[in-house]
Amino acid sequence: MAQRAITLRSARMLSPKVRELTFDPGSPFPFVAGQWVSLKFPLTSSEVVIARSYSIASAPRGDHTFDLAVTLVPQGPASTLLHAMSIGDEVQSAEPMGFFTLPPKLERPLLMIGTGTGVAPLRAMIQSLETVADAPPVTLLFGVRHREDLLYADEFEALAARDPRFRFEPTLSRPDPSWTGRTGYVQSHLPELLAASPEASAYICGLNAMVRDARKVLRETLTVPRDRVHSERFD
Ligand SMILES: Cc1cc2nc3c(=O)[nH]c(=O)nc-3n(C[C@H](O)[C@H](O)[C@H](O)COP(=O)(O)OP(=O)(O)OC[C@H]3O[C@@H](n4cnc5c(N)ncnc54)[C@H](O)[C@@H]3O)c2cc1C
């Protein structure tokens, strides 16, 4: 598969464990919101080159740059390297790929369900819908442990405040006493949110255990047809 060098243009911490990296591929890098890139990392200790996938966290924009949001996994070689990259460093990337994308014609409300950096492709989709005049209503159910882990919360709150079609529903599994919002795992909120939007298509992204459980609730308990449940697993 064709590879090209992409250059780190800027970076910031989104939460204690998640770094956003904005890469510049230097020329057009076509992708659809929801797709991912495969990055290659040579390990200094050996001849081995490892590849890891990362969902693009931004919609396509005019300057070709794109964002990744990367969780630092303890002893994880690729995430450690991405957290250590300096501005101007390069990494090898394949062209964007993947099928976790929205259909060209959106006929149903969208119920997006993400945990941790699983929110990355959902953020890209949400950004891509901002320029669509007749975009359907979108609910984002975003689950993390602590309040400080709510990536892009300011953005989602601002969007919800200015666009009545967008509803932001964060839930914390380990809330602090001052938290007055939803608590517990995303799965437990699905019956209520689907009841509010029974015709919705679901888009789920995160680690396998959550995706498996959320799919089970939607498909078996709430009898959502298979063609309305889409998912991407990180492990
Ligand atoms: C299609 C796809 C898209 C992905 N997009 C992203 C993304 O946008 N952001 C991102 O951080 N990771 C993403 N991943 C996961 C990523 O590819 C790596 O698995 C992750 O960075 C760990 O790699 P590593 O070499 O650091 O650690 P490894 O030694 O390979 O660690 C593997 C362990 O890390 C855990 N893990 C993997 N991803 C995460 C995560 N996000 N949060 C917590 N634990 C995790 C796995 O459960 C596994 O136990 C994606 C994976 C796939 C398949």
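All values derive from a computational prediction rather than experimental measurement. Every number for a ligand or one of its atoms is a count from 1 in the order of the listing.
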Check residues 18-34 and write down every donor-acceptor pair under 3.5 Å in which the side-chain atom is one partner and the other belongs to a residue at least two apart or another chain.
unit_1	atom_1	unit_2	atom_2	d
Arg19	NH1	Leu82	O	2.8
Arg19	NH1	His83	O	3.1
Arg19	NH1	Met85	O	2.9
Arg19	NH2	Met85	O	3.1
Glu20	OE1	Arg12	NE	2.7
Glu20	OE1	Arg12	NH2	3.3
Glu20	OE2	Arg12	NH2	3.3
Glu20	OE2	Tyr152	OH	2.6
Thr22	OG1	Asp67	OD1	2.9
Asp24	OD1	Gly26	N	2.8
Asp24	OD2	Arg9	NE	3.2
Ser27	OG	Arg4	NH1	3.0

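Comparing Asn208, Val119, Val73 against atom 22 (C) of ligand 1, the shortest heavy-atom distance belongs to Val73. Nearest-residue assignment for atom 30 (O) of ligand 1 (options Arg123, Arg52, Arg233; heavy-atom criterion): Arg52.
Between Arg215 and Ile204, the shortest heavy-atom distance links the atoms CG-CD1, 3.8 Å. Nearest heavy-atom pair across Pro170 and Phe168 is CD-O, 3.4 Å. Of all the heavy atoms in Met97 and Ala94, the pair that sits closest is CE-CB, 4.0 Å. Annotation for Gly116 and Phe142: closest pair O-CE1, 3.4 Å, computed over non-hydrogen atoms. Nearest heavy-atom pair across Trp36 and Glu232 is CD1-OE2, 3.3 Å.
Ser178 and Arg147 form a side-chain donor-acceptor contact under 3.5 Å, judged by distance and modelled atom types alone.
Where the criterion is an N or O separation shorter than 3.5 Å, residue side chain and backbone included, Ser55 meets it with respect to ligand 1. In terms of polar-atom proximity, Trp36 is not counted as a contact of ligand 1, lacking any N or O under 3.5 Å from an N or O of the ligand. Checked against a 3.5 angstrom limit, the closest N/O atoms of Leu207 and ligand 1 fall outside it.
Judged by the shortest distance from any of its heavy atoms, Pro77 lies inside the 4.0 Å radius around the atoms of ligand 1.
Protein non-hydrogen atoms do not reach within 4.0 Å of atom 32 (C) of ligand 1.
In Ala69, the part holding a heavy atom less than 4.0 Å from any atom of ligand 1 is the backbone.
With hydrogens left out, the protein atom closest to atom 51 (C) of ligand 1 is Phe234 O, 3.4 Å, a heavy atom. Here the heavy atom of the protein found nearest to atom 27 (O) of ligand 1 is Gly76 CA, 3.2 Å. The protein non-hydrogen atom at the shortest distance from atom 2 (C) of ligand 1 is Ser53 CB, 3.6 Å. Looking only at heavy atoms of the protein, atom 41 (N) of ligand 1 is closest to Thr117 OG1, 2.9 Å. At the shortest separation from atom 21 (O) of ligand 1 among protein heavy atoms lies Tyr54 OH, 2.6 Å. Remark: minimum distance from atom 11 (O) of ligand 1 to any protein heavy atom is reached at Thr71 N, 2.9 Å. Regarding atom 47 (O) of ligand 1, its nearest protein heavy-atom neighbour is Asp235 OD2, 2.8 Å.
Heavy-atom proximity to Ser79, at under 4.0 Å, picks out these atoms of ligand 1: 21 (O), 24 (P), 26 (O). Using a 4.0 Å cut-off to heavy atoms of Val70, the atoms of ligand 1 that qualify are 11 (O).
With sequence neighbours excluded, no residue satisfies side chain to side chain donor-acceptor pair (under 3.5 Å) with Glu157.
Between the Arg219 side chain and the Val224 main chain, a donor and an acceptor come within less than 3.5 Å of each other.
Just one residue in the list Thr115, Leu190, Leu122 forms a side-chain contact (heavy atoms from CB on, under 4.5 Å) with Leu141, and that residue is Leu190.
A distance of 9.5 Å separates OG of Ser188 from CG of Leu193, quoted to the nearest 0.5 Å.
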